[in-house]
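In what follows, a structure is listed as structure tokens, so that the remarks can point back to it.
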Amino acid sequence: MSGHGTPIPMTSRKCGPLTGEAHVPGDKSISHRSLILGAMAVGETVITGLLEGEDVLDTAKAMRAFGAEVARDEDGTWHVHGVGVGGFAEPGNVIDCGNSGTGVRLIMGAMATSPITATFTGDASLNKRPMARVTDPLALFGTQAVGRAGGRLPMTIVGAADPVPVRYEVPVPSAQVKSAVLLAGLNAPGQTVVIEKEATRDHTERMLAGFGAEIATEVTDEGRVITLTGRPELKPQTIVVPRDPSSAAFPVCAALIVPGSDVLVPNIGLNPTRAGLFYTLQDMGADLTFENMREEGGEPVADLRAKFSPDLKGIEVPPERAASMIDEYPVLSVVAAFATGDTVMRGVKELRVKESDRIEAMAAGLRANGVEVEDGPDWWIVKGRGHGNVPGGATCVSHLDHRIAMSFMVLGMATEAPVSVDDGSPIATSFPIFEGLMGALGARIERGSQ
């Protein structure tokens, strides 16, 4: 399956109970950061459990292009021999980040304070996404960026030869922007400070501390204030990547809406800045439990057990939870279709500038399948029909967005008529084993349209 090639129509049909264990891939956010920070350390970083989707593989290729040695053993263990902070070499060719907004924005930050030049591009979806949210704060370090109209890829970044430390208040909740600024701050002298009014996923801060950077976080009247001391020597690490909560969302949500289902999803990262979906589902009345809670590599981890939940209720999702579940709203809207009453989602304008306009994409597809949806600039409401009352029967447009495609495949598992997507190929960017994994649990997903 390729997110860059020929479209692959896919169809999902009503199925029997989903049962068994779902071993989802490694966490995508941690996988990207493991490769990038490993490339900026001195010595060999060893990574197990890395997500081997296209997005992360594109980041691995990029780290090689910047001079790090990146290799994979046959057993899936990865080795990164880093070049040190400020040690990136100038790439010989354009860096293709495929479909990955996280990859391109973090890599831009990592190279922004080195005296090198790099040109970035991506697939048709990524090349539509705005980069100014990252290049504007990077300019404060002395970095220059030249791209297409609207701050879009392809884009050339000229790293700052004499970077200065930065104090930056993130205007919208965005872990990508925060992380890009912190990675740029690694090779700037003095202290770089990032202030966020709403907490976003904190993998970058946790991992920077693990690699030996001097980084401190405090909550003040301004918000969450993160202070990084520049020019450290990062120490190589042995990293075990927890499994991705954003990928776990799909088998978990499917189990909740398919009668008779009982699915265990082991070893899921439950970082508080990522776990909002699971608490939201519990608020809706989902039979979802955390088993064997523990800590691995500084991250909280548990096994999730999800069972069919016929009496789900629509709720108002707390807006302050948005940053901790921003990628999960599409599949939450599917669960909401099978709940009774309205599910109200506010403070979610970030969804408008993801791989696609995810509010518009999900609203259009849900409406086509018989579910009423209202939406505005930063909110949407799914009017649940209750279990067994969602007609289905439509073909939805995925807009080159992996999460849209997978969400509609989950929808089709419990609708009366099958649900199709025009192109499921982008699923490979984050969850290359999705079809096989869901099929092993009992789902009926086929390639081809209805």
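Just so it is clear, the structure is predicted and the values come from calculations on it, not from any experiment. Starting from 1, each residue takes its place in the sequence as its number.
- Atom CZ of Arg447 sits about 4.0 Å away from atom CD1 of Ile8, to the nearest 0.5 Å.
- Using a 3.5 Å distance cut-off with no hydrogens or angles, the side chains of Lys178 and Thr204 do not pair a donor with an acceptor.
- Judged as a side-chain hydrogen bond (donor to acceptor under 3.5 Å, both in side chains), and not counting sequence neighbours, Thr395 has no contacts.
- The pair Glu69-Arg64 fails the salt-bridge criterion, with no side-chain N (NZ, NE, NH1 or NH2) lying under 4.0 Å from an Asp/Glu carboxylate O.
- Side-chain contact check for Phe66 versus Ile95: some heavy-atom pair is nearer than 4.5 Å.
- Between Arg274 and Asp244 a salt bridge is recorded (basic side-chain N to carboxylate O distance below 4.0 Å).
- Ring pair Phe290/Tyr279 is perpendicular by interplanar angle, where above 60° counts as perpendicular and below 30° as parallel.
- Side-chain contact of Arg201 with Ser29: a donor-acceptor pair under 3.5 Å is present, judged by distance alone.
- Under the 30°/60° scheme for interplanar angles, the aromatic rings of Phe431 and Phe250 are found to be tilted.
- Checking Asp55 against His32 by side-chain atom types alone, no donor-acceptor pair falls below 3.5 Å.
- At a threshold of 4.0 Å, the pair Arg129-Glu355 counts as salt-bridged, since one of the basic side-chain nitrogens sits closer than that to a carboxylate oxygen.
- Counting heavy atoms from C-beta outward, Lys383 and Val371 have side chains that stay 4.5 Å or more apart.
- When atom types are taken as modelled, the side chain of Asn292 and the backbone of Asp303 share no donor-acceptor pair closer than 3.5 angstrom.
- No side-chain N or O of Thr77 forms a donor-acceptor pair with one of Arg72 less than 3.5 Å apart.
- Here the side chains of Ile157 and Met111 are in contact, with some heavy-atom distance below 4.5 Å.
- Residues Gln176 and Thr102 have side chains that bring a donor and an acceptor to within less than 3.5 angstrom of each other.
- With hydrogens and angles disregarded, a donor-acceptor distance shorter than 3.5 Å links the side chain of Ser179 to the backbone of Ala175.
- Taking the six-membered ring for Trp, His402 and Phe434 have ring centres at least 6.0 Å apart.
- Within the 3.5 Å criterion, the main-chain N or O of Ile30 finds a donor-acceptor partner in the side chain of Asp27.
- A salt bridge links Asp327 to Lys354: at least one charged side-chain nitrogen sits closer than 4.0 Å to a carboxylate oxygen.
- Applying the side-chain contact (heavy atoms from CB on, under 4.5 Å) test to Ser398 and every residue at least two apart in sequence or in another chain returns Ala405, Asp422, Asp423.
- Between atom CD1 of residue Ile107 and atom CZ of residue Phe88 there is a gap of 8.0 Å, rounded to the nearest 0.5 Å.
- The backbone N or O of Thr273 lies less than 3.5 Å from no partner atom in the side chain of Ser324, so there is not a single donor-acceptor pair.
- Side-chain contact between Asp262 and Pro17: absent, with no pair of heavy atoms (C-beta onward) separated by less than 4.5 Å.
- The distance from the CG atom of Leu57 to the OG1 atom of Thr429 is 11.0 Å, given to the nearest 0.5 Å.
- Only one option out of Glu198, His203, Glu196 pairs with Thr200 in a side-chain hydrogen bond (donor to acceptor under 3.5 Å, both in side chains); it is Glu196.
- Applying the side-chain hydrogen bond (donor to acceptor under 3.5 Å, both in side chains) criterion to Asn93, with sequence neighbours excluded, gives no partner residue.
- A side-chain donor-acceptor contact under 3.5 Å links Ser246 and Glu328.
- Taking every heavy atom of both residues into account, Pro266 and His23 meet most closely at CG-CE1, 3.6 Å.
- Checking side-chain atoms of Gln237 against main-chain N and O of Gly210 turns up a donor-acceptor pair under 3.5 Å.
- A search for side-chain hydrogen bond (donor to acceptor under 3.5 Å, both in side chains) contacts involving Arg385 returns nothing, not counting sequence neighbours.
- Thr119 meets the side-chain hydrogen bond (donor to acceptor under 3.5 Å, both in side chains) test with Thr156; sequence neighbours excluded.
- Side-chain atoms of Asn389 do not come within 3.5 Å of backbone N or O of Phe338 as any donor-acceptor pair.
- Side chain of Thr415 to backbone of Gly392: no donor-acceptor contact under 3.5 angstrom is found.
- Taken from CG in Asp202 to CG in Leu208, the straight-line distance is 11.0 Å, to the nearest 0.5 Å.
- Salt bridge annotation for Glu350-Arg133: present, with a cationic side-chain nitrogen under 4.0 angstrom from a carboxylate oxygen.
- Ion pairing between a basic and an acidic side chain is recognised when a charged N comes within 4.0 Å of a carboxylate O; Asp378 and Arg352 show no such pairing.
- Side-chain atoms of Trp380 and Ser333, non-hydrogen and from C-beta on, do get closer than 4.5 Å to each other.
- Taken from CD1 in Ile433 to CD1 in Ile427, the straight-line distance is 12.5 Å, to the nearest 0.5 Å.
- Put simply, the side chain of Asn127 gets close to the backbone of Gly122: a donor and an acceptor are under 3.5 Å apart.
- Judged by distance alone, with hydrogens and angles left aside, the side-chain atoms of Ser100 form no donor-acceptor pair with the main-chain N or O of Cys97 at under 3.5 Å.
- Between the side chain of Asp357 and the backbone N or O of Val353 there is no donor-acceptor pair closer than 3.5 Å.
- Looking only at side-chain heavy atoms (C-beta outward), Val258 and Cys15 come within less than 4.5 Å of each other.
- Atoms CE and CZ, on Met362 and Arg367 in that order, are 11.5 Å from each other to the nearest 0.5 Å.
- With sequence neighbours left out, the side-chain contact (heavy atoms from CB on, under 4.5 Å) criterion links Arg346 to Glu316, Pro319, Val344, Trp379.
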